[in-house]
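Below, chain A is the first sequence line, B the second, and so on; all start at residue 1.
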Number of protein chains: 2
Amino acid sequence: MTIKQVAEQAGVSTASVSYVLSGRSGSPDGNGGVAKATAERIREVAGRLGYSPDRAARKIRTGRTETILLSLTMLSDPWALGVIEAVQRRAMPLGITPMILADADWASVLRGHDADAVFIDAASPGKQPELEAFAGQGKRLVVFQEELPAAGFDVIRSLAGPGCVLAMQHLLGKHREIAILTTERSRNNSDPARFQPYVDGLAAAGIPLRNNFIATFDRSPASAYAAAMRLLDRADRPSAIYATTDFAAMSAVNAAQRLGLRIGTDLDVVGVGNTEEGERMAPSLTSVGPEGFFDAVAELLVRRAQGDDSPARVIDFPWKIFVRESAP
Amino acid sequence: MTIKQVAEQAGVSTASVSYVLSGRSGSPDGNGGVAKATAERIREVAGRLGYSPDRAARKIRTGRTETILLSLTMLSDPWALGVIEAVQRRAMPLGITPMILADADWASVLRGHDADAVFIDAASPGKQPELEAFAGQGKRLVVFQEELPAAGFDVIRSLAGPGCVLAMQHLLGKHREIAILTTERSRNNSDPARFQPYVDGLAAAGIPLRNNFIATFDRSPASAYAAAMRLLDRADRPSAIYATTDFAAMSAVNAAQRLGLRIGTDLDVVGVGNTEEGERMAPSLTSVGPEGFFDAVAELLVRRAQGDDSPARVIDFPWKIFVRESAP
DNA sequence: CTGTTAGCGCGTTCAC
DNA sequence: GTGAACGCGCTAACAG
């Protein structure tokens, strides 16, 4: 089905078909200077033949793909679902399709695939040159990262640092045996916002750092569960766990329950991210997080996808603590 | 960065650049009849300029996008993650990028976006004409569905029916108060494979069907959780729950635990799908499911994406029951 | 006001 | 190793 076949069937030129179906240019009736009757006939034929323009061909001329790419590292994380859902809701009504790239190397994919806007949820600060290069090629990026400047691409961040301080303060009000469940990356301080508050919080309370109270996991729920088990399945287990993501906190709760520990009594757990899933689980999860974050991401992406050319910005979100059953 | 700029810089024609960089056609050295030295120079220039071909332009000529589209209805379902992970693993090494379409109307997206192969995880039988139309346009579809014939598109199914019979038999060995947690769609018998075994199983055991032992949920985990609560939070609660997905079963376990019920003692829960998450949760989930399913899906998709033109097939997977703690 | 002609953009590939 | 046509849709310029 090409535009040419539609034009033939309708007895007009391809130009007329294009004008009518893309609704661009010319008169405000949306027919681009084509008589109403003709426009109607064209639409009828296009409908009958099931024609719809080849996006690739269109892209070559217009530079637009009507697409937003979401590069998400950990799809199993409710955080990712939050992003997807918000973007979906905002973009679909405008005819923009959100495509998800799971846990892949965004750099290599971005090289070839062109979306009108791209969201990247995990870029180490070292990738800044690469990101700048893409931005220089005219790709519109929105990067979720806590340390990068807005060097040609938007940076959206949510100040996890102060938020995590709140989480630790909450636990320190009742506990001294506090373990941390975090990612390897975080632990190496390539992402200090979530790890440092643990160290500083203990130090401020005069509690020494214990190596066997530090457990790390990689991106799979399985490994978070195993890491939590390592912390809990022994005599000198901690009385509280500070988990650097909600999903890890949920795994910790599962592990604790498996061991017969009562959450909120034998063990307090605090997560980071304040996801809906955490709020809903039993027991509900105490967590720190931003408010309105997903909608802001969606809003920004859609604006950029529609060609907003204003200077790149850094957008911050304040965090607060949501106290629930897992750490009363 | 276009092919023309690379050609200029290297002092050759665009044809030579294309031959070298796409590695197609002609001589087996992969240079398409371009001298080694020239090929080297071209590669060097392309690398220096950071060139990479525009996929849209390439698609217009070759008809290939090097892309597989996965239309997945419920990303939060571990089942979806299983599909993604398997396809990722199989496709990436071949330079094929899997793109995910979350919970969207595949029909409208498919109209415009062209992937080399498309996986659709939820198509009601009524959509057959639409699917056939797409297949007729040369789109390669793989549909996960239990009733459709292979009408121009591949159908992969896993005989949930017999599997669910196993699940019910397992519960009927110990219980008479068995509730079902299922989707609205399933209940209307638009997907009888998972619902009918419940009805038939009870009938065969001479147990009357009770309307208040039937609870339905839609695609969100929240609603599965709420549905489970409706079943459990009352005096005449069932002693076992047959959930038509693993993710619903997990929600039921959470709900039961919140109510203080002991899983495997006060309440048995069986899921459908046999997901890794279910296996890992505490208590581990008894479930029925196929073996090797994800890899088969990935294998088929990749073959189709690479142009396999053999007749469309229906592929079946036998199911078995995996007995674990949630229903010993 | 209605419609067409023709060239563009980019990578591929046939014929020389 | 190259020239040039090709595929598809968009749109400026032009003609009735």
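Rounding to whole angstrom units, CD1 of residue A/Ile42 and P of C/dT2 are separated by 12 Å. One atom, CD of A/Gln5, and another, P of D/dG9, lie 9 Å apart when rounded to the nearest Å. Per the geometry, CZ belonging to B/Arg64 stands 11 Å off P belonging to C/dT13, to the nearest Å. Separating the CD atom of A/Glu8 from the P atom of D/dG9 is a distance of 13 Å, rounded to the nearest angstrom. Atom CD in A/Glu40 sits about 14 Å away from atom P in C/dT2, given to the nearest Å.
A perpendicular orientation is assigned to the rings of B/Phe293 and B/Phe317, their planes being inclined by more than 60° (bins at 30° and 60°).
Stem list for DNA chain D (at least 3 consecutive Watson-Crick or G-U pairs, distances under 3.5 Å): C:1-16 with D:1-16.
A donor-acceptor pair is defined here as one N or O able to donate and one able to accept, closer than 3.5 Å; such a pair exists between the side chain of B/Gln88 and the backbone of A/Ala102. Between the side chain of B/Ser22 and the backbone N or O of B/Ser18 there is at least one donor-acceptor pair closer than 3.5 Å.
Checked by atom type, the side-chain pair A/Thr73/A/Asp103 shows no donor-acceptor distance below 3.5 Å. No donor-acceptor contact under 3.5 angstrom links the side chains of A/Gln9 and A/Gln5, judged on distance only.
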What string of B, S and - do you get for nucleotides 5-11 of chain C, 5' to 3', if B is base contact, S is sugar-phosphate-only contact and - is no contact with any protein heavy atom under 4.0 Å?
-> B-BBBBB
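Among the heavy atoms of the strands, none lies under 4.0 Å from A/Val17.
Shown here are the ring-ring contact (aromatic ring centres under 6.0 Å, His included) partners of B/Phe153, two or more places apart in sequence or in another chain: there are none.
Remark: of the listed residues B/Val302, B/Leu300, B/Leu301, B/Leu300 is the sole one forming a side-chain contact (heavy atoms from CB on, under 4.5 Å) with B/Arg304. Here the rule is salt bridge (charged side-chain N to carboxylate O under 4.0 Å, His left out) with A/Arg140, and of A/Asp309, A/Asp116, A/Asp308 only A/Asp309 fits it.
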